[in-house]
Amino acid sequence: MAERPTGSDTPADPQNRVVILGGGLAGLSLALQLRQRFAELDIVVLERRSHPVPHAAHKVGESTVEIGAHYFSEVLGLKEHLQTSQLKKFGFRFFFNDGREIDGVTELGASTFLSTPAYQIDRGIFENELGRLALERGIRFEDGALVRQVDLSTDRSGDRLHRVSYQRGGEQHELACGWLVDASGRVGLLKRKLDLAKANAHRANAVWLRISDRLDVDDWSGDAEWLARCNPPHRWLSTNHLCGDGYWVWLIPLASGSHSVGIVCDADAHPIEGMNTFDKAMEWFAVHQPQLHAELEKRRDKLQDFAFFKNFSYGCKQVFDGGNRWAITGEAGLFLDPFYSPGSDFIAISNTFITEMIAQDRAGRPAAMYADIYQSIYFLLYENMLPIYTGQYRMFGNSEVMPVKVLWDYTYYWGVMCHLYFQEKLWDVGAMGRLQKGLVAVQRLNVAVQDFLRAWDAAGRSGDQPRMLDQASMPWFAELNRGLTDTLDKQAFQARLVENIERLDRIALQIVARARSEYPQLDDSAVRANLTDPALADAPAGEDLLFPPLLAEQANGELRPHEGEDQRDGRDGRGFRQGPRDLSRREHDRRAGGEQQDARHHEVAPAPLNLGGELHRRQGDEQQDRGAEGDAQEGGDQRSVLHVPKE
């Protein structure tokens, strides 16, 4: 079928065309990023849903963190929309309140806004705005388009055009293009076609719903002192995490006036079969989050939707192919876990890699080389973050260990991943080559710390106490957040990275010291062996970087060792702890998982990175082949430049 013209009056050149399969968050944001970079590029987005999409009850993935927020606000230039049509996020907030009232437990969060902003995104409002901007900027946005067939060109001696057949408005259409990008979400069009699906060891499920009303956790307490902890007193603007063993519940406000509610849980501890309908989820809330249950019960008539995902976390064997000019972005490729809201971060990073690959291709350079490098970095980031979640849900109800874990995870994210992104180093292949040694060292340390945190949780647990662990009151923590947006030259960037990694070493040492002061049998040898600077092991501790510990004599419940504790004493047969003793309402048979470090634990032994020498060799090849595809593409070279650890 003849192709429809693009925004110009001249016939479209298929070699100058990018077709994006999927017009959701990943696809539309990529289209806008490509338009910013390439004014003459013919960009087509095929989206199966019809626009405008509904507000609130559209998609999950509503909470951004610093990388994703920066991408939408600064890279795509959407700051005005975010500030006027979305909600500024009051950070993450955690309550360890399984079966208990929210004002009688540990609260972890900031008492005031930190410097670097993030936002709560009503996906319906946002994607409607992205679609409007796409059309305004000359992007051909075809909504209500159902892709029927994709034919990838792998013949590099032919016209090298991909072909997409789709149906829209009862008519059949066909498009040819030089670059094809799959942003189809979990449908995973190219992943399915090319058999690229790859499981990981993180077994978790999620259910969610939207209510057309505000859920304000401040309304759940009449304690004036508790209510006065935050300035402004708007906890509802946070992504509130209600945490217990094996699960957490999200509460996310939306600009449309609705509230998003979700349960995310270990697949064994809280089987999906016990919560995969609204009524079943309400029964689960009645046991684990009775205050939330009461609020939802009053709003049954305001339920907007209900859905669930089983085994939501997954990887992908390949996401970029520069030689054959295709790519995968967003959830069409991989997904980690919603606990720290990394989805928009990985969209920002993959979209930027894709934009850079297309730029190299349009400049006549061998895009295959860049695709290999960018894919290796992308997978490295995924592998770095996966141990944060895998096997860790069993400790989510631990009000002593989890605040320490969250502090570590934030510091790792802001100090390494955000630093590389904000300073535009992730797609600087020369810089990544120089940084390889330090990055693999801190990756090993992260794995060792995650293992140690799990062992600390298994060693025993104190009861909780009402307290506020205020992130904003920690000067170093607030400054780490503020400094994300600093403009740094090469030397300042390197100095900041060294400082951030040294801080991680010091936090790791303070974590093991804190844990072993209570449980001296804990083995800290792996943490000490994986410090990026071994000399720090014998150095003075320096500034205290952790929150104050729980005071056992003030806690609501006695010290409770887990080893040898039987089923009648608050522990089920698979090893999950039951928490404080006043938990007769709980469903004991829903706790499972085991104390042993089982096969679900993602034990990573990072392989040495090999970016430097291979990169320099390939850069030499590029100089010889500049202006042509070169041998690397003709040979279909898919060698990994950054060797990613095996699962």
Side-chain angles (χ1 to χ4, degrees), residues 94 106 108-111 114 387-388 392 395 398-419 437-462 465 467-483 494-555 559:
F94 306 84
T106 293
L108 169 63
S111 61
L114 296 178
I388 288 175
Q392 305 295 70
M395 74 174 71
N398 191 326
S399 59
E400 176 73 353
V401 177
M402 271 303 291
V404 174
K405 172 178 166 53
V406 170
L407 189 71
W408 168 267
D409 293 344
Y410 264 115
T411 309
Y412 187 78
Y413 170 67
W414 287 346
V416 180
M417 189 168 169
C418 284
H419 189 55
K437 183 177 179 180
L439 294 179
V440 76
V442 77
Q443 180 192 15
R444 290 192 180 104
L445 178 62
N446 180 47
V447 172
V449 168
Q450 300 296 338
D451 288 348
F452 184 85
L453 290 168
R454 187 183 303 101
W456 182 6
D457 172 62
R461 186 177 300 189
S462 299
Q465 64 190 48
R467 58 176 181 158
M468 170 70 166
L469 300 179
D470 182 10
Q471 296 164 329
S473 70
M474 307 176 77
W476 72 264
F477 188 84
E479 175 59 21
L480 183 60
N481 174 271
R482 188 214 61 76
Q494 183 66 28
R496 180 77 58 84
L497 183 61
V498 169
E499 177 187 358
N500 292 346
I501 292 176
E502 179 181 322
R503 183 184 293 111
L504 285 166
D505 277 342
R506 294 188 180 278
I507 292 176
L509 288 168
Q510 292 184 19
I511 288 172
V512 299
R514 167 79 58 84
R516 295 186 77 246
S517 69
E518 188 171 6
Y519 305 105
Q521 75 275 18
L522 288 172
D523 182 2
D524 64 352
S525 59
V527 172
R528 292 180 175 276
N530 285 287
L531 294 172
T532 66
D533 182 0
L536 289 175
D538 300 317
E543 176 190 4
D544 189 354
L545 301 172
L546 303 183
F547 293 113
L550 269 170
L551 301 177
E553 65 274 12
Q554 297 179 10
L559 190 67

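Note: hydrogens, waters and symmetry copies are ignored here, and every other heavy atom, side chains too, is used.
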Over all atoms of both residues, closest heavy-atom pair of [X] and [Y]:
X	Y	answer
Leu445	Ala508	CD1-CB, 4.1 Å
Gly415	Asn500	O-ND2, 3.0 Å
Ala448	Ala526	CB-O, 3.8 Å
Val442	Tyr412	O-CE1, 3.7 Å

With rounding to the nearest 0.5 angstrom, report the [atom1] to [atom2] distance, [X] to [Y].
X	Y	atom1	atom2	result
Ile511	Phe452	CD1	CZ	8.5 Å
Asn481	Thr411	CG	OG1	11.0 Å
Leu550	Gln465	CG	CD	4.5 Å
Thr106	Met468	OG1	CE	11.0 Å
Gln494	His419	CD	NE2	8.0 Å
Arg506	Leu531	CZ	CG	10.5 Å

*Those residues that, when tested against Asp409, pass salt bridge (charged side-chain N to carboxylate O under 4.0 Å, His left out) (two or more places apart)*: Lys405
With sequence neighbours excluded, what pairs up with [X] under the ring-ring contact (aromatic ring centres under 6.0 Å, His included) test?
X	result
Phe94	His241, Phe339
Tyr413	none
Phe477	Tyr410, Trp414

With the side chain counted from C-beta on, respond yes when [X] and [Y] share a heavy-atom pair under 4.5 Å apart, and no when they do not.
X	Y	result
Leu453	Met402	no
Trp456	Arg514	yes
Val416	Leu504	yes
Leu522	Asp524	no

*Just jot down the side-chain hydrogen bond (donor to acceptor under 3.5 Å, both in side chains) partners of Asp523, sequence neighbours excluded, or say none.*
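With sequence neighbours excluded, Asp523 shows a side-chain hydrogen bond (donor to acceptor under 3.5 Å, both in side chains) to Ser525, given in chain and number order.
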*State which residues pass side-chain hydrogen bond (donor to acceptor under 3.5 Å, both in side chains) with Asp505; sequence neighbours excluded, sorted by chain then number.*
Thr532
*Are Arg454 and Asp457 close enough for a salt bridge, meaning some N to O gap below 4.0 Å?*
no
*asked:* Before you tell me yes or no, could you show the steps for Arg482 and Leu114 under side-chain contact (heavy atoms from CB on, under 4.5 Å), namely the whole-Å CA-CA distance, both residues' side-chain angles and the distance that decides it to 0.1 Å?
replied: CA-CA 7 Å; Arg482 188 214 61 76; Leu114 296 178; over 6 Å; no
Keeping [X] on the side-chain end and [Y] on the backbone end, is there a donor-acceptor pair under 3.5 Å?
X	Y	result
Glu400	Ser462	no
Gln510	Glu543	yes
Arg496	Gly483	yes

*Going through the checks in order, is the side-chain contact (heavy atoms from CB on, under 4.5 Å) test met by Gln471 and Val406?*
CA-CA 11 Å; Gln471 296 164 329; Val406 170; 4.3 Å; yes
*Please lay out, stage by stage, how Glu502 and Asp533 fare under the test side-chain contact (heavy atoms from CB on, under 4.5 Å).*
CA-CA 7 Å; Glu502 179 181 322; Asp533 182 0; 5.7 Å; no
*Please test Trp476 against Ile507 for side-chain contact (heavy atoms from CB on, under 4.5 Å), starting from the C-alpha separation and ending with a verdict.*
CA-CA 12 Å; Trp476 72 264; Ile507 292 176; 3.7 Å; yes
*Among Arg444, Gln443, Gln450, whose side-chain hydrogen bond (donor to acceptor under 3.5 Å, both in side chains) with Asn446 holds?*
Gln450
